[in-house]
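Report on one structure; see the data block that follows.
Counting begins at 1 with the first residue of the sequence. Note that ligands are numbered from 1 as they come in the structure, with each ligand's atoms numbered from 1 the same way.
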Amino acid sequence: MNQGTVWNEVDQYIAERLIEQDAVLAKVLSTNQEAGLPAIDVSAAQGKFLNLLVQLHGSKRILEIGTLGGYSTIWLARALPPYGKIVTLELDPHHAQIAAANLAHAQVQDKVEIRVGEALEQLALMRDEGVEAFDFIFIDADKPNNPHYLKWALHFSHPGTVIVGDNVVRGGEVLDENNSDPRVIGVRQFYDLLAEEKRITATAIQTVGSKGYDGFMIGIVTN
Ligand SMILES: C[S@@+](CC[C@H](N)C(=O)[O-])C[C@H]1O[C@@H](n2cnc3c(N)ncnc32)[C@H](O)[C@@H]1O
Ligand SMILES: [Mg+2]
């Protein structure tokens, strides 16, 4: 078996044993595929990991940057108490429309506000509206903007806020300082900012699985 096949089959092995069969999430993924959305959502194992992080932390207010079809949003929403809330930001109106239908199908729509538009514009609007801080922030949109999203995440944080950034290894391309891919450049700048930012203590974990070789950053805002 080649490496990618092993990673994929181990993800299936994990899912069969530890992740309950879920007709709602299966339907969400098939809806996304039928609607032509790219399959760049988190895996089931990663979705459940996000869900566990939210439960471990006891987060009540979540900000997600990058909704796609709402697959990760549903995992996050299911970890919230009944009065919990997610604000999720999505540029593409088609993605947002599919996500809204998926969130309703998963019966979490009352906990989720989808804001459609450029995330940077929405974040500035949210600041002007006086939107309060979040307990948990998941950054998973356009990677070139990751450094900006980190600054906004800090704006919407309080001491103890958890920040998770997805796709921060990129098949190892993050090592390449001469890489001209704006996503790699954005992720490298994200690390540089984290390294110099005294208000966050963070690490990054490399992952393999059905979504290939990648990784996530997890940090906590200290003050
Ligand atoms: C990787 S997908 C999100 C996956 C989702 N978090 C999940 O795991 O199910 C990234 C999403 O960010 C959106 N996006 C890209 N650029 C954006 C921007 N400038 N502002 C807001 N959303 C953006 C894309 O349209 C896409 O739906
Ligand atoms: Mg991602």
Looking at [atom], what's its closest protein heavy atom, distance included?
atom: atom 24 (C) of ligand 1; result: Glu90 OE2, 3.4 Å
atom: atom 8 (O) of ligand 1; result: Val42 N, 2.8 Å
atom: atom 21 (C) of ligand 1; result: Leu91 N, 3.3 Å
atom: atom 3 (C) of ligand 1; result: Asp140 O, 3.3 Å
atom: atom 19 (N) of ligand 1; result: Glu118 OE1, 2.9 Å

Please write out which residues are connected to Leu68 in a hydrophobic cluster, directly or through intermediates, given that two of Ile, Leu, Val, Met, Phe, Trp, Tyr count as joined at side-chain heavy-atom separations below 4.5 angstrom.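 Leu37, Ile40, Ile98, which link up through side-chain heavy atoms under 4.5 Å apart, make up the rest of the cluster.
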
Only pairs at least two apart or in different chains count here, so list each salt bridge (Lys or Arg N to Asp or Glu O under 4.0 Å) that has a residue in residues 213-223.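 Sorted result for residues 213-223: empty, none.
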
Given Ser72, Pro144, Gly69, which one has a non-hydrogen atom that is nearest to atom 7 (C) of ligand 1?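 Nearest heavy atom to atom 7 (C) of ligand 1 lies in Ser72.
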
Contact atoms of ligand 1, heavy-atom distance to His95 under 4.0 Å: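 Going through ligand 1 atom by atom, the ones under 4.0 Å from His95 are 25 (O), 26 (C), 27 (O).
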
Please confirm whether [X] comes within less than 3.5 Å of ligand 1 when only nitrogen or oxygen atoms on both sides are compared.
X: Ala119; value: yes
X: Lys143; value: no
X: Asn145; value: no
X: Phe138; value: no
X: Ile40; value: no
X: Asp41; value: no
X: Asp142; value: yes
X: Ala141; value: no

Will you find, in the side chains of Asn32 and His95, an N or O donor that is under 3.5 Å from an N or O acceptor?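 Short answer, no.
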
Residue part near ligand 1, for Tyr149, under 4.0 Å between non-hydrogen atoms: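 The part of Tyr149 near ligand 1 is the side chain, not the backbone.
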
Please work out, at 4.0 Å between heavy atoms, whether the side chain, the backbone, both, or neither of Thr67 comes within that distance of ligand 1.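 For Thr67, only backbone atoms sit under 4.0 Å from ligand 1.
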
Closest non-hydrogen atom pair, Leu194 against Ala202: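 Closest pair (atom of Leu194, atom of Ala202, distance): CD2-CB, 4.2 Å.
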
Which heavy atom in Val108 sits nearest to a heavy atom in Ala77, and how many Å separate them?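 That closest heavy-atom pairing would be CB-CB, 3.8 Å.
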
Working note: Arg78 + Asp22, criterion salt bridge (charged side-chain N to carboxylate O under 4.0 Å, His left out); need CA distance, chi angles, decisive distance, verdict. CA-CA 13 Å; Arg78 285 176 170 179; Asp22 191 322; 2.5 Å; yes

When you check the gap from the basic side-chain N to the acidic O, do Glu121 and Arg115 get nearer than 4.0 Å?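 Arg115 and Glu121: not salt-bridged.
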
Under a 4.0 Å threshold between the charged nitrogen and the carboxylate oxygen, would Lys85 count as salt-bridged to Glu132?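 No, this pair does not count.
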
I want to check something: taking the side chain as every heavy atom from C-beta on, are Ile74 and Leu103 in contact at a cut-off of under 4.5 Å?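 The answer is yes, as the side chains (C-beta and beyond) meet within the 4.5 Å cut-off.
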
Sorted by first residue and then second, give each side-chain hydrogen bond (donor to acceptor under 3.5 Å, both in side chains) pair with at least one member in residues 182-193; sequence neighbours left out.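 Qualifying pairs, neighbours excluded: Asp181-Arg183.
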
With the Mg ion (ligand 2) as the centre, enumerate protein N/O/S atoms below 2.8 Å in chain and residue order.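 Near the Mg ion (ligand 2), the protein supplies Asp140 OD1, Asp166 OD2, Asn167 OD1.
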
For Gly117, is the nearest heavy atom under 4.0 Å from an atom of ligand 1?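 The answer is yes: ligand 1 sits under 4.0 Å from a heavy atom of Gly117.
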
Residue from Asn167, Asp41, Ile65 passing side chain to side chain contact (heavy atoms under 4.5 Å, CB included) with Asp140: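 Of the listed options, the one satisfying the test is Asn167.
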
Among Asp142, Asn145, Leu91, which one satisfies side chain to side chain contact (heavy atoms under 4.5 Å, CB included) with Leu120?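 That would be Asn145; it is the only one of Asp142, Asn145, Leu91 passing the side chain to side chain contact (heavy atoms under 4.5 Å, CB included) with Leu120.
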
CG-CD distance between Leu125 and Glu118, expressed to the nearest 0.5 angstrom: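 Output value for this atom pair is 12.0 Å.
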
At what distance, to the nearest 0.5 angstrom, does CZ of Phe134 lie from CD1 of Ile86?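 One gets 10.0 Å once the value is rounded to the nearest 0.5 Å.
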
Kindly indicate, with the supporting measurements, whether the criterion salt bridge (charged side-chain N to carboxylate O under 4.0 Å, His left out) is fulfilled by Glu20 and Lys48. CA-CA 10 Å; Glu20 37 294 327; Lys48 186 155 182 190; 3.4 Å; yes

